[in-house]
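Here the structure is laid out as structure tokens; the discussion comes afterwards.
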Amino acid sequence: MTVSDQLLVRRAARLLQELGPRSRVVLSQLPLVLALTVVFTLGPASSEVRLRPGFLLGLLLQLVLAVLCFAVPWWRLGENAPLAIPIVDFVSLWFLRNGGGAEVTGLGSLAAFPVIWIAASTLASGWALVLCAVGPLAIVLPTLLDALPSPSPSEWTIFVSLPLIMLATAVAIRIAGAGLRVQERQLRAAQGHLHRLLERAEESERLLTGILDTAEIGIVAVSPDRAAARCNRRFRQMLDDAGVPSEGTPASLDRLPLRERDGRTPVPPDRQPIARAAAGEHIDGEVVWLGPAGRARALSVRARPLDGDGGGAVLAFGDVTQLLEDVEAKTDLVRTVAHEFRTPLTAVLGHLDLALEAPDLPAGLGRRIGLAQAGAERLLRIASDLLTSSAELLPLVPSRVDVGQVVRERAESALPAAARADIAIDLDVDQPLPARADPFRVGQAVDNLLSNAIKYSPSGGTVTLSARAEDGWITIGVADTGMGIRPEDRPMVFERFFRSDDARRAHIPGVGLGLAITKTIAERHGGELACVSTPGAGSTFTFRIPAAAG
Ligand code: ADP
């Protein structure tokens with residue numbers, strides 16, 4: 001059987017399966033009824049033949065079978081009950097063939113119809129083949145019996161060939177049917193497997209959507225081409241909160257109205273977090289503003305590429321608007337307090353200066369005024385640090401300077417403090433080191449790094465201060481042999497007001513602003529501040545700014 005034949009048979013079988021039991025029985029009997037009608041309408045049998053009792057009985061049986069096909073409630077009976085019809089068909093054909101006499105020929109071959117019906121049924125193969133052989137054999141048996149005791153070769157041929165052909169037909173149908181049944185079973189098993197997989201996938205999908213939608217952070221998953229994107233309910237809510245239409249979200253996800261952390265600079269499409277994440281970039285806690293001013297929300301973004309061949313990435317957005325507002329309010333308060341401190345402190349220092357200049361000042365009182373002055377100066381420095389600890393309040397007055405010279409001067413002014421702490425300062429400074437920079441701010445940065453190196457080193461230590469020009473940069477290095485910084489503290493040391501537990505526990509004075517200011521100074525010059533440290537062995541801070549061109 002060719003593939004197209006198999007498909008045809010399978011389609012016919014499926015069609016039969018879809019029909020009701022009665023329609024199946026009627027359709028199975030119909031070919032024989034039609035064949036008989038054709039034979040009797042066109043056939044040569046005379047009216048005399050048609051009136052013979054055997055022949056009439058055969059016809060009557062066909063009539064009864066036709067009525068039974070319609071009348072019997074086959075759906076209530078067993079699966080093989082309709083096979084009674086083809087079996088009785090054999091009987092009917094027996095009467096038609098043998099009751100009509102010699103004029104009626106070829107009716108035996110109509111046994112092919114009940115044979116096909118039985119062979120294609122679900123009856124056990126043994127029984128089906130016995131029926132398919134015995135039925136036709138019985139139909140042609142009278143021919144042989146009539147010819148006995150000496151049947152001619154043609155009579156033998158009739159007797160043997162019809163049952164044999166019918167049996168062969170039944171075997172062929174059975175084999176084809178078995179193949180079809182195996183394929184059907186495999187198909188059904190595969191369908192069942194697919195169905196179970198689909199159910200499991202749908203269940204996982206429901207679970208995942210449930211988890212994502214209960215999360216308090218906005219989550220977005222994107223494919224590498226950004227064509228397919230999915231986001232959870234919280235992210236859509238974030239878009240709504242910021243007044244960004246959340247409908248049609250996937251297509252517009254990489255063109256969100258985003259601004260940088262400063263709240264002003266728009267983020268261009270190719271720098272938007274979703275575009276960068278889809279390109280495989282890791283993002284760690286970057287802050288962007290989403291939405292128009294007035295309704296904008298501050299979002300902290302993290303992104304990780306997805307493992308596997310498919311690529312793509314997942315982004316998590318946390319709403320940090322309240323946090324930033326709180327920090328801003330705290331910074332404002334600190335700035336206001338610091339500002340209010342400065343004026344009276346300047347007045348106190350002025351008066352203490354005047355008092356120190358008074359003639360005949362008793363020595364003890366002069367020493368006390370000196371101590372008060374040192375304390376007031378320290379307070380004034382802290383107030384200034386608090387005020388300058390944000391980039392906007394750190395104005396630069398750049399000029400062409402020799403950074404080597406600035407570094408040497410600051411090292412010299414740190415010598416008394418170093419001597420008091422029993423720390424040696426090693427200088428390794430090249431000169432000249434020309435740069436376009438603000439000498440006051442660069443000096444302030446060196447002061448901060450040097451005072452930390454001295455503060456956080458035990459007595460007897462050494463601070464190495466170096467400065468050199470390398471690859472278009474001027475690099476100032478401050479290395480100490482002090483307590484060092486734990487790895488978990490290192491990312492935070494440049495944050496405003498951060499102080500390590502080690503520093504607090506050792507009662508080393510400080511407010512946690514020096515490194516933040518130093519970093520701002522480096523960045524305002526287009527440079528950077530970096531740190532490497534080994535706890536218990538020491539730290540090295542590297543301050544870099546661009547060297548002057550030419
Ligand atoms: P402060 O020194 O006033 O606390 P900084 O901003 O200068 O503030 O430093 C922040 C923190 O970084 C310090 O509290 C200290 O824990 C750590 N740190 C800075 N410099 C050093 C250093 N040279 N050695 C060890 N720890 C340091």
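One-based numbering, in listed order, for ligands and for the atoms of each.
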Ligand-residue contact atoms, ligand 1 with I485, heavy atoms, under 4.0 Å: 25 (C), 26 (N), 27 (C)

Contact check, F541 vs ligand 1, heavy-atom distance below 4.0 Å: yes

For N232 against I217, the heavy-atom pair lying closest together: ND2-O, 3.0 Å

Protein contact to atom 2 (O) of ligand 1 [nearest heavy atom, distance to 0.1 Å]: Y456 OH, 2.7 Å

Within-cut-off N or O pair, L515 and ligand 1, under 3.5 Å: yes

For the student: nearest non-hydrogen atoms of D241 and R234, plus distance: OD2-NH1, 4.2 Å

L513: numbered ligand 1 atoms lying under 4.0 Å from its heavy atoms: 6 (O), 8 (O)

Atom indices of ligand 1, in the order listed, that fall short of 4.0 Å to a heavy atom of F498: 10 (C), 11 (C), 14 (O)

Contact atoms of ligand 1, heavy-atom distance to A503 under 4.0 Å: 14 (O), 16 (O)

Residue pair S500 / D489, side-chain donor-acceptor N/O under 3.5 Å: no

Electrostatic pair R271:E286 at N-O distance under 4.0 angstrom: no

Residue and atom name of the nearest protein heavy atom (relative to atom 23 (N) of ligand 1), distance in Å to one decimal: D480 OD2, 2.8 Å

Any N/O pair G510/ligand 1 closer than 3.5 Å: no

Ligand 1 contact by G512, heavy-atom criterion under 4.0 angstrom: yes

N or O pair under 3.5 Å between G514 and ligand 1: yes

Nearest neighbour in protein (non-hydrogen) for atom 20 (N) of ligand 1: N452 ND2, 3.4 Å

Steps toward side-chain hydrogen bond (donor to acceptor under 3.5 Å, both in side chains) verdict (D319, T321): CA-CA 6 Å; D319 190 333; T321 315; 2.5 Å; yes

Aromatic ring pairing F541/F494, orientation class (parallel under 30°, perpendicular over 60°, tilted between): perpendicular

Protein contact to atom 17 (C) of ligand 1 [nearest heavy atom, distance to 0.1 Å]: V493 CG1, 4.1 Å

Shortest non-hydrogen contact from P546 toward A435: O-CB, 3.8 Å

Nearest neighbour in protein (non-hydrogen) for atom 4 (O) of ligand 1: R499 NE, 2.5 Å

Shortest protein heavy-atom distance from atom 16 (O) of ligand 1, along with the residue and atom involved: S500 OG, 2.7 Å

Heavy-atom closest contact (I283 atom, V301 atom, distance): CG2-O, 3.6 Å

Salt-bridge present (R304, D284; N to O < 4.0 Å): yes

NZ/NE/NH1/NH2 to OD/OE distance under 4.0 Å, R206 and E203: yes

Contact with ligand 1 for K455, non-hydrogen, under 4.0 angstrom: yes

